[in-house]
Asks: 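One structure, pasted below without further comment.
All residue numbers in this chain count up from 1 along the given sequence. As the structure lists them, so they are numbered: ligands from 1, and atoms in each ligand from 1.
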Amino acid sequence: MPDVKVLCEVNNCTYWGNGNKCTADAIYVVSHTGEKAENSQETDCKTFKPSDL
Ligand code: SF4
């Protein structure tokens, strides 16, 4: 297990691991609206891939 750099609570993501550890090699975060984000609520992890499909 590599050093965990990203903690994440989205436990229905393919990359989610026990202890809220993201197991992706890298993640891509974008602005929710496509405009300039003003706070963390306006950002999204684009690497998210649902694990329950
Ligand atoms: S890829 Fe994004 S949504 Fe999925 S576990 Fe990692 S940080 Fe969370």
Side-chain angles (χ1 to χ4, degrees):
M1 186 73 171
D3 274 356
V4 173
K5 303 283 201 274
V6 176
L7 295 173
C8 176
E9 295 184 351
V10 186
N11 62 4
N12 65 320
C13 176
T14 301
Y15 299 107
W16 184 87
N18 286 331
N20 286 341
K21 293 167 184 169
C22 175
T23 64
D25 290 338
I27 62 166
Y28 184 29
V29 179
V30 298
S31 168
H32 186 68
T33 59
E35 307 286 320
K36 182 179 163 193
E38 300 288 348
N39 54 52
S40 59
Q41 276 96 0
E42 295 181 10
T43 64
D44 291 323
C45 177
K46 199 168 183 178
T47 308
F48 169 77
K49 195 185 332 172
S51 60
D52 49 3
L53 288 183

Asks: Please write out which residues are connected to V10 in a hydrophobic cluster, directly or through intermediates, given that two of Ile, Leu, Val, Met, Phe, Trp, Tyr count as joined at side-chain heavy-atom separations below 4.5 angstrom.
Replies: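 Traced through the cluster, V10 reaches F48.
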
Asks: Using a strict cut-off of under 4.0 Å between a residue heavy atom and any atom of ligand 1, list the qualifying protein residues by chain and number.
Replies: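 For ligand 1, the contacting residues are V6, C8, C13, Y15, W16, C22, I27, C45, T47, F48.
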
Asks: Count I, L, V, M, F, W, Y as connected when their side-chain heavy atoms are under 4.5 Å apart, and connections chain through other members. Are I27 and W16 then in the same cluster?
Replies: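 No, it is not one cluster - the side chains of I27 and W16 are not joined through contacts under 4.5 Å.
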
Asks: Run the side chain to side chain donor-acceptor pair (under 3.5 Å) test against N11 and tell me which residues pass, sequence neighbours left out.
Replies: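 If we apply the side chain to side chain donor-acceptor pair (under 3.5 Å) test to N11, skipping adjacent residues, there are no hits.
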
Asks: If you look only at pairs with a residue in residues 27-43, which of them pass as a side chain to side chain donor-acceptor pair (under 3.5 Å), with sequence neighbours excluded?
Replies: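 Residue pairs passing side chain to side chain donor-acceptor pair (under 3.5 Å), neighbours aside: H32-D44.
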
